*Asks:* 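First the structure, then my questions, so here it is.
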2 protein chains.
Amino acid sequence: MLNNYIDTLKALADPNRLRLFWLLAHIDQRICVAEAMDVLGESHYNVSRNLKILLKANIVTASREGKWVFYTLNNDGSAFNQQILAAVRHIPAQEFSGEIQRCQLRLNMRRDGQCVVGPDSPEWQQALSNHL
Amino acid sequence: MLNNYIDTLKALADPNRLRLFWLLAHIDQRICVAEAMDVLGESHYNVSRNLKILLKANIVTASREGKWVFYTLNNDGSAFNQQILAAVRHIPAQEFSGEIQRCQLRLNMRRDGQCVVGPDSPEWQQALSNHL
DNA sequence: TTCTCATATGCATAAATGTGCATGTGTGCG
DNA sequence: CGCACACATGCACATTTATGCATATGAGAA
């Protein structure tokens, strides 16, 4: 009873996961674990497990492509989950610290729409410092 | 950063508080602690503290009237909080076990719109058994 | 196959959370 | 005033949760 709703709320009641979900809600694009790590500046364990929790809450979906696993907003969720998504979309970007910009920067490193560099790469470090 | 949003989500990510908030979202009426105790069948500590947590999250308001403290939906919250309220309204009554009916039963015990019996009263026990 | 890299997950620990008990605060009544 | 009742809150304890480490899985490249 109520478990689905509680799972969704708990999944988002954590700053790192809320950042992850908010980012997905705004870029309207899939993102892989390595990219999320760079954008959020979080460790691998952290990003991987937190995405898994969002997945179990059924608010994102995952699909493997070669080595990479891409996560995406789940647009086929319950009415409740869709309202929750609408709520998260109302959180203004000022509440975050450049996630959107860093994400654009990271997505620009793709080739033909595919992620080609792993997490914490020299390329990413350089792109980051160039951007300051 | 993000604290307001996290507070709201955490406040609702608990079955008892979600029940409380869902009830307030559906009866469209204020309710005092004693009434909430009877309707939800929870202890005083539990109801009082959980309502306080909803209050701190700014999704309900409180007002004292004599001995009684009435809690109500907060309709002046942030856009985020209002969307969250819309989400909670989408949770169907089947997810609960007669909260609405028990609440009607309890509100019928009021006189002139005022609560007149305390928690766990014989009157309430009798009303409950008559209703089965 | 073996190696490398991206991702996932079990284990241990520290921090946060929910609940019960006891006590404190505030209000109304006699 | 003193008492009763509705409600609030600090403390202790059990459970949950978030994180880091280590290791496992899975896919591509040599």
Side-chain angles (χ1 to χ4, degrees), chain A residues 2-3 6-7 9-20 30-57 60-71 106 109-110 114-124, chain B residues 2-3 6-7 9-20 30-57 60-71 106 109-110 114-124:
Chain A
L2 282 181
N3 283 327
I6 297 291
D7 283 349
L9 291 163
K10 278 191 181 176
L12 294 176
D14 173 85
N16 280 327
R17 289 195 293 270
L18 186 56
R19 284 206 296 157
L20 269 169
R30 61 188 196 165
I31 192 175
C32 72
V33 179
E35 291 168 333
M37 287 172 60
D38 283 347
V39 171
L40 300 184
E42 289 291 324
S43 68
H44 159 58
Y45 337 105
N46 230 325
V47 173
S48 179
R49 262 176 315 200
N50 282 335
L51 279 170
K52 186 75 171 192
I53 290 173
L54 296 178
L55 182 66
K56 282 185 181 166
V60 304
T61 61
S63 67
R64 175 178 282 273
E65 280 192 26
K67 298 195 290 189
W68 318 87
V69 175
F70 287 91
Y71 286 85
R106 189 57 166 85
M109 294 170 65
R110 289 185 180 174
Q114 272 298 339
C115 179
V116 290
V117 291
D120 228 7
S121 61
E123 293 93 327
W124 169 245
Chain B
L2 282 182
N3 283 326
I6 298 291
D7 283 349
L9 292 164
K10 278 191 181 176
L12 294 176
D14 172 85
N16 280 329
R17 289 194 294 269
L18 186 57
R19 283 206 297 158
L20 270 169
R30 61 187 197 166
I31 193 175
C32 72
V33 179
E35 291 168 333
M37 287 172 60
D38 282 347
V39 172
L40 300 184
E42 289 291 323
S43 69
H44 159 59
Y45 338 103
N46 229 325
V47 173
S48 179
R49 263 176 314 200
N50 281 335
L51 279 170
K52 185 75 171 193
I53 290 174
L54 296 178
L55 182 66
K56 281 185 181 167
V60 304
T61 60
S63 68
R64 176 179 282 272
E65 281 192 27
K67 297 194 290 189
W68 317 88
V69 174
F70 286 91
Y71 286 86
R106 189 59 167 83
M109 294 171 63
R110 289 185 181 174
Q114 273 297 338
C115 179
V116 290
V117 291
D120 228 10
S121 62
E123 292 92 327
W124 170 245

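All values reported here derive from a predicted model rather than from experimental measurement. Every chain is numbered from 1, with letters handed out A, B, ... down the list of sequences.
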*Asks:* Please tabulate, one pair per line, each protein N/O and nucleotide N/O from nucleotides 24-30 of chain D that are separated by under 3.5 Å, including the distance.
*Replies:*
none

*Asks:* Between A:K56 (NZ) and D:dT17 (P), how many Å, whole number?
*Replies:* 12 Å
*Asks:* Within this structure, what is the CG-to-P distance between B:L9 and D:dA18, rounded to whole angstrom?
*Replies:*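 Result: 13 Å.
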*Asks:* Check the phosphate of D:dC7 against B:S48, side-chain N and O only, distance under 4.0 Å to OP1 or OP2. Yes or no?
*Replies:* no
*Asks:* Reading DNA chain C in the 5' to 3' direction, which nucleotide is the first one with an atom under 4.0 Å from a heavy atom of chain A, and which is the last?
*Replies:* C:dA6 to C:dG10
*Asks:* Please give me the minimum heavy-atom distance between A:A11 and A:R17, naming the atom from each residue.
*Replies:*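 Between these two residues, the closest heavy atoms are O-NE, 2.6 Å.
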*Asks:* Atom CE of A:M37 to atom P of D:dT19: distance rounded to whole Å?
*Replies:* 14 Å
*Asks:* Heavy atoms only: give me the nearest A:R110-A:R30 pair and the separation to one decimal.
*Replies:*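 Closest approach of A:R110 to A:R30, heavy atoms only: NH2-O, 2.9 Å.
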*Asks:* Do B:N3 and B:D7 have side-chain N/O donor and acceptor atoms under 3.5 Å apart?
*Replies:*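 No donor-acceptor contact under 3.5 Å links the two side chains.
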*Asks:* Strictly distance-based, threshold 3.5 Å: is any side-chain N or O of A:R64 a donor or acceptor partner for the main-chain N or O of A:G66?
*Replies:* yes
*Asks:* Using 0.5 Å steps for rounding, measure from the CG atom of B:L40 to the CZ atom of B:R106.
*Replies:*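 Those atoms lie 11.5 Å apart.
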*Asks:* State the CD1-CE distance between A:I31 and A:M37, to the nearest 0.5 angstrom.
*Replies:*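 Atom-to-atom, A:I31:CD1 and A:M37:CE are 11.5 Å apart.
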*Asks:* May I ask you to verify if any side-chain N or O of A:R17 is less than 4.0 angstrom from the OP1 or OP2 atom of D:dA18?
*Replies:* yes
*Asks:* Just checking B:F70: base, sugar-phosphate only, or nothing, at a heavy-atom cut-off of under 4.0 Å?
*Replies:*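 If one applies the 4.0 Å heavy-atom cut-off, B:F70 turns out to touch nothing in the nucleic acid.
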*Asks:* Which heavy atom in B:D38 sits nearest to a heavy atom in B:D120, and how many Å separate them?
*Replies:*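 In this case the closest contact between B:D38 and B:D120 is OD1-N, 2.8 Å.
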*Asks:* Tell whether B:H44 reaches the base of D:dA8 with its side chain through a donor-acceptor pair below 3.5 angstrom.
*Replies:*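 Donor-acceptor pair under 3.5 Å: yes.
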*Asks:* Compare every heavy atom of A:Y71 with every heavy atom of A:V60, then report the nearest pair and how far apart it is.
*Replies:*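 What the structure gives for the nearest pair is CG2-CD2, 4.0 Å.
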*Asks:* Can you tell me the distance, in whole Å, between the CD1 atom of B:I53 and the P atom of D:dC7?
*Replies:* 17 Å
*Asks:* I need the B:N50 CG to B:L18 CG distance, nearest 0.5 Å.
*Replies:*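 Nearest 0.5 Å value for the CG-CG distance: 11.0 Å.
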*Asks:* Measure CG/A:L12 against P/D:dA18 and give the value in whole Å, please.
*Replies:*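 About 12 Å, once rounded to whole Å.
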*Asks:* Which residue, A:P119 or A:Y45, contacts DNA chain C at a nucleotide closer to its 5' end, judged by nearest heavy atom?
*Replies:*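 It is A:P119 whose nearest nucleotide is closer to the 5' end.
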*Asks:* Using heavy atoms to find the nearest nucleotide of DNA chain D for B:R49 and B:E35 separately, return the residue whose nucleotide is more 5′.
*Replies:* B:E35
*Asks:* Take A:S43 and A:K10, find for each the nucleotide of DNA chain D with the closest heavy atom, and name the residue whose nucleotide sits nearer the 5' end.
*Replies:* A:K10
*Asks:* Can you measure A:D7 atom CG to D:dT16 atom C1' for me and round it to whole angstrom units?
*Replies:* 13 Å
